[in-house]
Amino acid sequence: QGQLVESGGGLVQAGGSLRLSCAASGRTASAYYMGWFRQPPGKEREFVATINWSDDNTYYTDSVKGRFTISRDNAKNTMYLQMNSLKPEDTAVYYCAAGLRSNLRSSSRLRDYAYWGQGTQVTVSS
């Protein structure tokens with residue numbers, strides 16, 4: 001079994017910053033890749049960013065490029081999402097996820113992730 005625990009969400013004004021953390025334990029600590037997804041109010045869950053756990057290769061959805069940075073700390077089994085220049089449209093519940101498919105280096109698809117955290121709310125006020 002594995003577990004992912006997110007932290008760092010909150011309320012921030014537009015233009016502000018937040019850093020989300022995702023602590024992995026158990027089987028999730030051996031993931032091949034991990035990612036951040038978000039679910040805005042009344043909408044489907046969507047991809048935000050992904051990172052390969054071996055080579056740090058990253059990939060972002062277009063709407064967050066240049067503003068968000070995904071990173072990891074292997075020693076702490078923790079993934080981060082640094083969010084700068086936040087906009088009201090970034091308001092969502094943010095989820096971290098761990099992928100265990102050895103044939104993939106990373107993925108933007110929900111179905112490629114085996115474990116999910118409980119989510120953390122990010123609210124950006126205008």
Side-chain angles (χ1 to χ4, degrees):
Q1 282 294 344
Q3 188 176 18
L4 298 171
V5 179
E6 299 112 333
S7 60
L11 173 64
V12 65
Q13 289 188 331
S17 298
L18 283 173
R19 189 177 81 154
L20 306 183
S21 299
C22 174
S25 62
R27 194 177 180 199
T28 59
S30 300
Y32 292 100
Y33 51 91
M34 293 185 69
W36 288 98
F37 292 78
R38 66 186 180 187
Q39 188 162 12
K43 296 185 178 181
E44 299 286 322
R45 194 172 299 189
E46 62 186 26
F47 167 75
V48 176
T50 182
I51 186 166
N52 182 276
W53 216 243
S54 296
D55 61 15
D56 278 348
N57 185 56
T58 59
Y59 177 69
Y60 300 87
T61 191
D62 286 346
S63 63
V64 308
K65 285 180 181 177
R67 299 189 299 123
F68 290 10
T69 302
I70 188 172
S71 64
R72 63 179 177 89
D73 184 330
N74 271 0
K76 296 181 179 179
N77 287 329
T78 300
M79 177 178 66
Y80 304 97
L81 186 67
Q82 178 67 44
M83 304 185 294
N84 299 328
S85 302
L86 282 161
K87 304 176 181 180
E89 52 263 43
D90 294 318
T91 295
V93 178
Y94 283 70
Y95 298 88
C96 67
L100 304 178
R101 300 182 68 170
S102 59
N103 61 319
L104 297 178
R105 298 182 67 244
S106 63
S107 177
S108 60
R109 301 179 301 190
L110 276 73
R111 63 177 182 267
D112 288 331
Y113 291 83
Y115 290 90
W116 293 84
Q118 81 286 356
T120 185
Q121 177 70 47
V122 172
T123 303
V124 184
S125 63
S126 57

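With contacts defined as side-chain heavy-atom distances shorter than 4.5 Å, the pair Met79/Ser21 does not qualify. In this structure the side chain of Tyr95 reaches within 4.5 angstrom of the side chain of Trp116, judged on heavy atoms. Considering only heavy atoms from C-beta on, Val122 comes within 4.5 Å of Met83 through its side chain. Within the 4.5 Å cutoff, the side chain of Leu104 has heavy atoms near those of the Asp112 side chain. The closest side-chain heavy-atom distance from Met34 to Leu4 is below 4.5 Å.
Once rounded to the nearest 0.5 Å, the distance linking CG of Leu20 with OG of Ser7 reads 8.0 Å. Atoms OG1 and OH, on Thr28 and Tyr113 in that order, are 13.5 Å from each other to the nearest 0.5 Å. Residue Tyr94 holds its OH atom at 10.5 Å from OG1 of Thr120, rounded to the nearest 0.5 Å. Considering CG of Leu86 and OG1 of Thr91, their distance stands at 8.5 Å, rounded to 0.5 Å. The distance from the CZ atom of Arg67 to the OG atom of Ser85 is 7.0 Å, given to the nearest 0.5 Å. Note that CD1 of Ile51 is 4.5 Å distant from CG of Asp56, once rounded to the nearest 0.5 Å.
Smallest separation of non-hydrogen atoms from Val93 and Gly119: CG1-CA, 3.8 Å. The minimum heavy-atom distance linking Asn84 with Ser17 is given by the pair OD1-OG, 2.9 Å. A pairwise comparison of heavy atoms in Arg109 and Arg111 identifies NH1-NH2, 2.9 Å as the closest pair. The nearest pair of heavy atoms linking Arg38 to Ala92 is CB-CB, 3.8 Å. The two residues Ser54 and Arg72 make their nearest non-hydrogen contact at O-NH2, 3.6 Å. Here the closest heavy-atom approach between residue Pro88 and residue Ala14 is recorded as CD-CB, 4.1 Å.
Transitive grouping of hydrophobic side chains (ILVMFWY, heavy atoms separated by less than 4.5 Å) keeps Tyr33 and Val48 in distinct clusters. Note on Phe68 and Ile70: same hydrophobic cluster, where clusters join Ile, Leu, Val, Met, Phe, Trp and Tyr whose side-chain heavy atoms are under 4.5 Å apart, directly or indirectly. At a threshold of 4.5 Å between side-chain heavy atoms, the hydrophobic network of Ile, Leu, Val, Met, Phe, Trp and Tyr places Tyr80 and Trp36 in two separate groups. Hydrophobic cluster membership is shared by Trp53 and Tyr115, with clusters built from Ile, Leu, Val, Met, Phe, Trp and Tyr side chains linked at under 4.5 angstrom. At a threshold of 4.5 Å between side-chain heavy atoms, the hydrophobic network of Ile, Leu, Val, Met, Phe, Trp and Tyr places Val5 and Leu81 in two separate groups.
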- Tell me, with the steps shown, if Leu110 and Arg45 meet side-chain contact (heavy atoms from CB on, under 4.5 Å). CA-CA 8 Å; Leu110 276 73; Arg45 194 172 299 189; 3.9 Å; yes
Residue pair Ser108, Tyr60: steps toward the side chain to side chain donor-acceptor pair (under 3.5 Å) verdict
CA-CA 9 Å; Ser108 60; Tyr60 300 87; over 6 Å; no
Please determine whether side-chain contact (heavy atoms from CB on, under 4.5 Å) holds for the pair Phe37 and Phe47, giving the CA-CA distance in whole Å, both sets of side-chain angles, and the decisive distance to 0.1 Å.
CA-CA 4 Å; Phe37 292 78; Phe47 167 75; 3.8 Å; yes
- Query: Are Asn52 and Ser106 close enough, and set up right, to give a side chain to side chain donor-acceptor pair (under 3.5 Å), and what steps lead you there?
  - Reply: CA-CA 6 Å; Asn52 182 276; Ser106 63; over 6 Å; no
- request: Let me see the working for Ser71 and Gln82 under side-chain contact (heavy atoms from CB on, under 4.5 Å), right down to the final yes or no.
  value: CA-CA 8 Å; Ser71 64; Gln82 178 67 44; over 6 Å; no
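Residue pairs meeting the salt bridge (charged side-chain N to carboxylate O under 4.0 Å, His left out) criterion with at least one partner in residues 13-28, sequence neighbours excluded, are absent. Applying the disulfide bond (SG atoms under 2.5 Å apart) definition to pairs two or more places apart or across chains, those involving residues 11-61 are Cys22-Cys96.
Ionic pairing of Lys65 and Asp62 is present here: one or more N-O contacts between side-chain nitrogen and carboxylate oxygen are shorter than 4.0 angstrom.
Residues Thr123 and Gln121 have side chains that bring a donor and an acceptor to within less than 3.5 angstrom of each other. A donor-acceptor contact closer than 3.5 angstrom is absent between the side chains of Thr78 and Asp73.
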